[in-house]
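Reviewing the structure listed below.
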Amino acid sequence: MAPGIRGLQLTSLAGDSDELEDVRLLDSYDEIDGGARRIQVSVTGMTCAACSNSVESALKSLDGVISASVALLQNKADVVFNSALLKDEDIKNAIEDAGFEADILPESSTVAHETLVGQFTIGGMTCAACVNSVEGILRNLPGVKRAVVALATSSGEVEYDPSVISKDDIVNAIEDSGFDGSFIESNEQDKIILGVVGVYSLIDTQVLEGILSSTKGVRQFHFDKVSGELDVLFDPEVLSSRSVVDAIQEGSNGKFKLHVRSPYTRMASKDVEEISTIFRLFISSLFLSIPLFFMRVVCPHIPPFYSLLLWRCGPFLMGDLLKWALVSVIQFVIGKRFYIAAGRALRNGSTNMDVLVAVGTTASYIYSVCALLYGALTGFWSPTYFETSAMLITFVLLGKYLECLAKGKTSDAIKKLVELAPATALLVVKDKGGKSIEEREIDSLLVQPGDTLKVLPGAKVPADGIVTWGSSYVNESMVTGESVPIMKEVNASVIGGTINLHGVLHVEATKVGSDTVLSQIISLVEMAQMSKAPIQKFADYVASIFVPTVVSLALLTLLGWYVAGSIGAYPEEWLPENGNHFVLALMFAISVVVIACPCALGLATPTAVMVATGVGANNGVLIKGGDALERAQRVKYVIFDKTGTLTQGKATVTAAKTFTGMERGEFLKLVASAEASSEHPLAKAILAYARHFHFFDDSSATTGTENDAKTDAKSGWLFDVSDFFALPGRGVQCFIDGKHILVGNRKLMEENGIDISTEVENFVVELEESAKTGILVAYNDILTGALGIADPLKREAAVVIEGLQKMGVKPVMVTGDNWRTARAVAKEVGIQDVRAEVMPAGKADVVRSFQKDGSIVAMVGDGINDSPALAAADVGMAIGAGTDIAIEAAEYVLMRNSLEDVITAIDLSRKTFTRIRLNYVFAMAYNVVAIPVAAGVFYPSLGIKLPPWVAGACMALSSVSVVCSSLLLKRYRRPRLTTILEIVVE
């Protein structure tokens, strides 16, 4: 289960629970029989589902273990065992015997110190071997809990204990390993990075430092004169980020202009700098390579120029000296980055593409220098191949430049999300009496909770908040994917980054910075792009053995062709002009070294996952990682919750009947009094119906809010209630005037010995057969009446169910409602497999029952009581309008609250992994075909020979082609309702 995002709330929670119950998240999960003990164990070394399965199997094989579950991403095992048969150490030893490291976690807390999660840029990585090397170094640092490195984004995410290691120590470790490292941001709340304009002299710097030193609450600061960046560490209990900015501007009398540096902007600037550096190197190499090409190809056909090249300078020809000088600059100045990268890779015990480039170009350069010096000493001149190494470096740099451009395109989704946030906000300043006294424009990153913001027509909402004044339509399509503008009035919630269309709004900010929906979506997409799909382990393994294998093949090629030439196995006509057998063998060997490309394999998965997660976000489907993508494309069963998922979650009372002669008004008042303390949507529907009947209030007939319930409790029209209890899966019970009240289903009545007459049974059966929920009411142990509650189906439900069946996915419905209502709803949407009267914890058991044969199961739900099932499912999909806990437990978040996105999620995952497989096929086929061609295997029969510079061009373009293949996913369009039914199993 991927890490969740806390507090992601998209719409109101009306209808966010499911059945008639008030449920704890893991109701009945904590019940442990006497003598049993539960512990949590930290498990180190797990890399995939196979590892977690191995640990789970090892634990379950122990005599005395009652249950064991292993969470891969959390690196934890939860074990319930018989303390009379086993000890904690036995559990630990079993895990270690399975090949993993284990530590028993203390029961009071699982983390001794609060950890920080930092984002770092890591420059200089070229392939999966580099990633493995950096990850290994970071994970071995003291205080580092977790480290994940992404090649496609040239970044790393490190969870560390700041009391043990600092961010500077992590940066130093990255740089000591030979890569470029820099800190971007962390989840530390008391630091701000500002760009300062107006500091032009030493006196200005001293003024700035003086202001900060005299500001109470500033702990530490650092000003970089070159970049103009100011890092300020402050006490959040004393200062806010806006107070820091105000103090500097007021202290300088407005001379210093400050703006908050967004971490995403800083990262983008580093990417641009990297691209421009590579482009500059490529242009320089190309500029110096053109004369080499000219001397080699053109000059021999132009006598005046050719005669200049034949001038003698001591023992050397002018042409040879010019080539030597030009190539030396290309090899050791422009190509220095390859030697540095190759050196750090070898120092860390790994190999990568830079090693191959360095070996190939150095071999060509050294041979040419040796041939030149040998000719000067002996007078026997052999041909030189200086232009080979020059052209190789030029083409590799071109490929690297194109690859960087293409990789930049894969992160377009995050860039677009970042651009949604407005740069500034209009702050309404109020006096102590709450009266507006002025408006001032501030940086949107300086907005604080409680601020009142003015949002003009056409402007973007700066932060999540509540409308306090005005009304307008707001376009939320850029965040939720919902194309229809939403009407916002007083007390309505708004999302930062959405666009106000017509009227002026005053919004009170409730969530700012990293707590906003937009920021959390960005974080979630980033997290997904950082994660590794299990299929990538194949590329990581190949990368670890690729370069040594290629170098071995190159040596075999060199030896094979040289020996074959020495024994006369091929004619002399095959030799290059003025060349010998060694020169021919060396050219083939160099071609083998430079044509092999591990980069294409390393980029096949992460680039596709990056594009797919971005495309998903643009389509309202948030994906929490590559592992979730991989599992979703193999889904066999999709289990739907009923209320709020298949239905709209807007329950209304459609029928009310008494059976004892009690007046209808008195009956409704009795039921409403009992339900007033319940948070369940069905309870709110009953309360709204009773209020409408009592006050003849039309507006409350269909709506009921938490505020209404509180008002009802204080208004005096309801009876006083005592000893109220919510009974999960059954209903509620309480006492009114000392008499026992029960409101719920048949099970509740039967458990309390309430007799259900034939008349009542027939009435309830009639309701249930028409897809309505029957609620029974007993007063003083006598069944008094019943109500019928309807929850209309979502309009797309039936079409989506049929579409899933066309895709080869079997839909299942699970609900806590009764069997007749469940079957009636299932029949209406076309679901054959139904599980009814299921308790919240039982939903997880239903999921596990489908997983027994190894099938991949997806669960779609929205309520708190869906969380155990969402966590248990292979792929959890939370409806975006549901609860925070449901969103935490799921791997997919469907932000539009539309069932169509279930199909979008599965369809996108299938297309993504089809693309990944194509990438792997291309990358493997390229190397399988290219290496034999470069080695000259087909030269004797077909006459095909690749010069080293051509081999280098092929290598450079191979990784570009893989990235471009992944970029084709950007053309993905989610299936429309009109075409869903045309989807067939591939």
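Quick caveat, the model's predicted, so the values are computed rather than measured. Only heavy atoms go into these numbers, but all of them, side chains included; no hydrogens, no water, no symmetry mates.
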Open item on the list: Working to the nearest 0.5 angstrom, can you tell me the gap between T605 OG1 and L151 CG?
Closed with: 11.0 Å

- [ ] For I211 and A247, work out which heavy atoms get closest and say how close.
- [x] CG2-O, 3.6 Å

Open item on the list: Can you confirm whether Y401 sits close enough to I275 that some side-chain heavy atom of one is under 4.5 Å from a side-chain heavy atom of the other?
Closed with: yes

Open item on the list: Return the CZ to CG distance between F183 and D231, rounded to the nearest 0.5 Å.
Closed with: 8.5 Å

Task: Derivation of the salt bridge (Lys or Arg N to Asp or Glu O under 4.0 Å) call for E438 and K430 - done: CA-CA 7 Å; E438 69 167 313; K430 297 182 178 182; over 6 Å; no

Open item on the list: On a heavy-atom basis, which atom in K167 and which in Y160 lie closest, and how many Å separate them?
Closed with: CB-OH, 3.8 Å

Open item on the list: Whether the D246 and S243 side chains hold a donor-acceptor pair (N or O, under 3.5 Å, no angle test) is what I'd like checked.
Closed with: no

Task: Charged N-O contact under 4.0 Å between E159 and R146 - done: yes

Task: A173 to I137 - nearest heavy-atom pair and separation - done: O-CG2, 4.2 Å

- [ ] Give the minimum heavy-atom separation between G465 and T510, together with the two atoms involved.
- [x] CA-OG1, 3.4 Å

TODO: Would you indicate whether the side-chain heavy atoms of T205 and V207 approach each other to under 4.5 Å?
DONE: no

Open item on the list: Any heavy-atom pair between the side chains of E229 and I193 that's under 4.5 Å?
Closed with: yes

Open item on the list: What verdict does the side chain to side chain contact (heavy atoms under 4.5 Å, CB included) test give for V428 and L453, after you've listed the backbone C-alpha separation in whole Å, the side-chain angles of each residue and the deciding distance to 0.1 Å?
Closed with: CA-CA 6 Å; V428 178; L453 309 171; over 6 Å; no

Task: For D451 against L446, the heavy-atom pair lying closest together - done: OD2-O, 4.5 Å

TODO: Determine whether V158 and V117 make a side-chain contact, defined as any pair of heavy atoms from C-beta on separated by less than 4.5 Å.
DONE: no

Open item on the list: As an exercise, state the distance from CG of L258 to OG of S252, rounded to the nearest 0.5 Å.
Closed with: 7.5 Å

Open item on the list: I want to check something: taking the side chain as every heavy atom from C-beta on, are I442 and V447 in contact at a cut-off of under 4.5 Å?
Closed with: yes

- [ ] Could you tell me the separation between the CE atom of M125 and the OG atom of S133, rounded to the nearest 0.5 Å?
- [x] 10.5 Å

Open item on the list: If you compare all heavy atoms of A612 against all heavy atoms of L629, which two are closest, and at what distance to 0.1 Å?
Closed with: CB-CD1, 3.9 Å

TODO: Look up atom OG1 in T607 and atom CE in M610, then write down how far apart they are to the nearest 0.5 Å.
DONE: 8.5 Å

TODO: Please check if the side chain of N500 supplies one atom and the backbone of V455 the other of a donor-acceptor pair under 3.5 Å.
DONE: yes

Open item on the list: Quick check against the 3.5 Å criterion: does D431 have a side-chain atom that pairs as donor or acceptor with the backbone of K435?
Closed with: yes

Open item on the list: Does D161 form a side chain to side chain contact (heavy atoms under 4.5 Å, CB included) with K145? I'd like the steps, not just the answer.
Closed with: CA-CA 7 Å; D161 186 342; K145 309 294 183 185; 4.3 Å; yes

Task: Evaluation steps, side chain to side chain contact (heavy atoms under 4.5 Å, CB included), between I499 and V474 - done: CA-CA 6 Å; I499 299 175; V474 174; 5.9 Å; no

Task: Whether over 12 other heavy atoms sit under 6.0 Å from I437 CD1 - done: yes

- [ ] Could you grab the distance from atom OG of S155 to atom CD1 of I122, nearest 0.5 Å is fine?
- [x] 7.0 Å

TODO: Quick one: list whatever passes ring pair (Phe, Tyr, Trp, His ring centres under 6.0 Å) with Y339, sequence neighbours left out.
DONE: F332

TODO: Please answer whether the main-chain N or O of T452 pairs with a side-chain N or O of E508 as donor and acceptor at a distance below 3.5 Å.
DONE: no

Open item on the list: Using only atom types and a distance under 3.5 Å, with no angle test, would you say the side chain of R440 pairs donor to acceptor with the backbone of L427?
Closed with: no

Open item on the list: Assess, by modelled atom type and distance only, whether the side chains of S182 and T121 contain a donor and an acceptor separated by less than 3.5 Å.
Closed with: yes

- [ ] Mark yes or no for whether S166, through its side chain, and D169, through its backbone, hold a donor-acceptor pair below 3.5 Å.
- [x] yes

Task: Close side-chain approach of K454 and V504, heavy atoms under 4.5 Å - done: yes

TODO: Give a yes or no answer on whether the side chain of K257 reaches the backbone of V196 with a donor-acceptor pair at less than 3.5 Å.
DONE: no

Open item on the list: Checking S214 now: which residues fulfil side chain to side chain contact (heavy atoms under 4.5 Å, CB included) with it, not counting sequence neighbours?
Closed with: none

Open item on the list: Between F256 and V197, does the side chain to side chain contact (heavy atoms under 4.5 Å, CB included) criterion hold? Intermediate values first, please.
Closed with: CA-CA 6 Å; F256 301 150; V197 178; over 6 Å; no

Task: Side chain to side chain, F179 and V134, heavy atoms closer than 4.5 Å - done: yes

TODO: Quickly, which of P449, S241, S444 forms a side chain to side chain contact (heavy atoms under 4.5 Å, CB included) with V512? Name it, please.
DONE: P449

Task: Lys/Arg N to Asp/Glu carboxylate O, K255 vs D204, below 4.0 Å - done: yes

- [ ] Say whether E441 and T424, considering side chains only, have a donor N or O and an acceptor N or O under 3.5 Å apart.
- [x] yes

TODO: Determine whether L208 and I248 make a side-chain contact, defined as any pair of heavy atoms from C-beta on separated by less than 4.5 Å.
DONE: yes

